[in-house]
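These notes are about the structure you will find just below.
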Amino acid sequence: MPELPEVETVKTVLVKNVKNKTIKDVVINYPRVIENVYTEEFIDKIVHQKITDIKRRGKWLIFKLTDLTMLSHLRMEGKYFLETELEPVKKHDLFILKFTDGTELRYNDTRRFGKIYLFKNEEAEEFLDKRLGLEPWDNNLTKEYLSEKFVTKKTPIKTALLDQSVITGLGNIYVNEVLFLSKINPNRRACDVSKEELKLIIKNTREVLEDAISLGGTTIISYAAGHQIGQYQNKLKVHFKKGHPCEKCNSIIKKESINGRGTYYCPSCQKK
DNA sequence: CAGGTCTCCTGCTAGC
DNA sequence: TGCTAGCAGGAGACCT
């Protein structure tokens, strides 16, 4: 499941592989993957556009085109592969950008949760601004900022940190890791987390994400960035570790569901 | 209006 | 061994 480090890794691979390529045709095998434009209109608008750059905001990939912006969210299992046009199309290749040089960018998504949007440039900005809060490395991300956001929040801190309009980029895996490193029980109400603990959350968020990016992300089950395999799964301390002893205190790591999300934590290190 | 629940999907797995 | 019910999950829609 791609979170910020995985999307950053995909972005880097895409810049290397498809930047400056020109789209000569599009194949849409699953029209519902395109969210805000009808299939015919999408094809009509995107053909002959050149990919001038690829950026990332939160978990969103931003394809800058000649005079449009294509946004792509990978959700659970979205992957991009660069192939030649001779390569047989795979089962879950939902849409394909064909380039003038004979290569193709294929979007593969087993669960079909991923979404593509096509916008005018300023509309794309608005769309993202409306949904996304601060990037983890934004200087405005301080304990005061989080404290203000959380002061009335009675939801579990785990849930509050998954809200993309506060900090953007954290998903289920890294939130579990960050809360473990910060020694905070994921069930604690967000409003009951102290400023000092919020400071720790920010520090650990940055460290965990930087570390994961440097290792190419986490590969659990199905995530892959153009055949690159991330290595951060070897460093996970609680996620997927149910029944294992905690590294710090030897207690048994617990798994429970918080707001429908699998949550792993050490019941003894992480204080309520 | 905050906070909860449902929905979208497929593939894997536990249980019989 | 083969079948199926249940589960997983990001984020928007919808309900209370």
Side-chain angles (χ1 to χ4, degrees), chain A residues 1-8 10 28-37 56-62 71-80 89-95 107-117 119 123-124 126-133 135-136 146-179 186-193 205 209 212 217-224 233 236 238-243 254-265:
Chain A
M1 42 218 94
E3 301 179 29
L4 189 150
E6 292 72 35
V7 179
E8 181 66 21
V10 173
I28 299 171
N29 295 322
Y30 183 68
R32 292 179 65 178
V33 74
I34 317 280
E35 187 71 8
N36 69 327
V37 186
R56 178 198 60 74
R57 257 185 80 183
K59 304 177 199 171
W60 289 86
L61 286 166
I62 305 169
L71 300 181
S72 167
H73 198 301
L74 307 174
R75 293 285 185 97
M76 312 300 300
E77 308 210 20
K79 302 168 203 68
Y80 278 101
V89 170
K90 291 201 289 289
K91 188 175 176 188
H92 296 290
D93 287 341
L94 305 188
F95 98 110
Y107 178 71
N108 186 284
D109 187 347
T110 319
R111 283 191 199 167
R112 308 182 178 208
F113 269 25
K115 291 292 174 207
I116 305 283
Y117 292 78
F119 284 118
E123 287 174 352
E126 264 173 51
F127 178 90
L128 294 175
D129 287 344
K130 208 168 89 184
R131 286 165 175 74
L132 305 182
E135 284 284 316
L146 281 187
S147 167
E148 195 182 311
K149 291 279 184 189
F150 291 165
V151 69
T152 59
K153 276 248 175 274
K154 296 189 173 82
T155 49
I157 184 68
K158 160 81 188 296
T159 307
L161 288 172
L162 287 172
D163 181 348
Q164 301 298 300
S165 71
V166 180
I167 304 177
T168 182
L170 279 179
N172 204 37
I173 298 173
Y174 296 113
V175 165
N176 285 334
E177 294 298 308
V178 166
L179 287 174
N187 285 298
R188 181 133 40 111
R189 298 193 304 180
C191 57
D192 292 336
V193 177
T205 297
L209 295 179
T218 298
T219 310
I220 290 181
I221 306 169
S222 57
Y223 152 78
Q233 68 273 20
L236 296 175
V238 286
H239 194 87
F240 269 23
K241 300 285 187 189
K242 179 188 175 186
K254 220 175 137 178
K255 183 192 179 188
E256 68 183 71
S257 180
I258 297 181
N259 270 46
R261 303 284 167 262
T263 304
Y264 300 80
Y265 67 99

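Keep in mind that the numbers below use all heavy atoms, side chains included, and drop hydrogens, waters and symmetry copies. Each chain gets a letter, A, B and so on, in the order its sequence line appears, and its residues count up from 1.
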* Asked: Between atom OH of A/Y264 and atom NZ of A/K242, what is the distance when rounded to the nearest 0.5 Å?
  -> 8.0 Å
* Asked: Of all the nucleotides listed (B/dG11, B/dG3, C/dG12), which has the minimum atom distance to the side chain of A/K91?
  -> B/dG11
* Counting just side-chain N and O atoms, does A/Q164 come under 4.0 Å of either OP1 or OP2 of C/dA11? -> yes
* List in numerical order all residues of residues 254-265 of chain A for which some heavy atom is under 4.0 Å away from an atom belonging to DNA chain C. => A/K255, A/R261, A/G262
* Side chain of A/K59 (C-beta onward), nearest among B/dC8, B/dG3, C/dA11 -> C/dA11
* Base, sugar-phosphate, or nothing: which does A/K115 touch, judged by heavy atoms less than 4.0 Å apart? -> nothing
Please table the atom pairs, donor to acceptor, closer than 3.5 Å between any side-chain atom in residues 149-157 of chain A and protein atoms at least two apart or in another chain.
none

* Structure fact -> When rounded to whole Å, the CZ to C1' distance for the pair A/F113 and C/dA13 reads 14 Å
* Look up atom CG in A/N172 and atom NZ in A/K158, then write down how far apart they are to the nearest 0.5 Å. => 4.0 Å
* **N/O (side chain, A/K153) to phosphate O (OP1/OP2, B/dG3) under 4.0 Å** => yes
* Asked: Once you round it to whole Å, what is the distance between C1' of C/dG9 and NZ of A/K158?
  -> 10 Å
* Structure fact -> Rounded to whole Å, the CG-C1' distance (A/D163 to C/dA11) equals 10 Å
* Asked: Counting side-chain heavy atoms from CB outward, which of B/dC8, B/dG3, B/dT10 is closest to A/H92?
  -> B/dT10
* Which part of the nucleic acid, if any, lies within contact of A/T152, taking any heavy atom under 4.0 Å across all strands shown: a base, the sugar-phosphate backbone alone, or nothing? -> sugar-phosphate
* Rounded to the nearest angstrom, tell me the gap between atom CG in A/D109 and atom C1' in C/dA11. => 14 Å
* In terms of side-chain heavy atoms of A/Y30, which of B/dC9, C/dG10, B/dG3 is nearest? -> B/dC9
* **Whole-Å distance separating the CZ atom of A/F150 from the C1' atom of B/dG3** => 15 Å
* To do: Using a strict 4.0 Å threshold on nitrogen-to-oxygen distance, state whether A/D109 and A/K115 make a salt bridge.
  => no
* For A/L132 and C/dG10, give me the distance from atom CG to atom P, rounded to whole Å. => 15 Å
* Mind checking A/K130 for me? I need base, sugar-phosphate or nothing, with any heavy atom below 4.0 Å counting as a touch. => nothing
* Comparing A/K154 and A/R32 on DNA chain B - which has the more 5′ nearest nucleotide -> A/K154
* Classify the angle between the aromatic ring planes of A/Y80 and A/F95 as parallel (below 30°), tilted (30 to 60°) or perpendicular (above 60°). => perpendicular
* Hey, are the side chains of A/L74 and A/K59 touching, using non-hydrogen atoms and a 4.5 Å cut-off? -> no
* Structure fact -> Between the CG atom in A/L132 and the CZ atom in A/R57, the distance rounded to the nearest 0.5 Å is 5.0 Å
* Asked: Of all the nucleotides listed (C/dA11, B/dG3, B/dT10), which has the minimum atom distance to the side chain of A/H73?
  -> C/dA11
* Asked: Closer than 4.0 Å, any side-chain N/O of A/R131 to the OP1 or OP2 of C/dA11?
  -> no
* **Integer-rounded Å distance: B/dG11 P and A/E77 CD** => 9 Å
* **Interatomic spacing from NZ in A/K255 to NE2 in A/H239 - rounded to 0.5 Å** => 8.0 Å
* CD of A/E35 versus C1' of B/dC8: gap in Å, rounded? -> 10 Å
* **Euclidean distance, A/E123 CD relative to A/Y117 OH, rounded to 0.5 Å** => 13.0 Å
* From the options C/dG10, B/dG3, B/dT10, select the nucleotide whose nearest atom is closest to the side chain of A/M76. => C/dG10
* For DNA chain B, what string of dots and brackets results from 5' to 3' when Watson-Crick and G-U pairs need both distances under 3.5 Å, crossing pairs get [ ], and pairs with another strand get |? -> .|||||||||||||||
* Under 30°, 30 to 60°, or over 60°: which ring-plane class applies to A/W60 and A/F127, parallel, tilted or perpendicular? -> perpendicular
* Asked: Is there a donor-acceptor pair closer than 3.5 Å between any side-chain N or O of A/N176 and the backbone N or O of A/V238?
  -> no
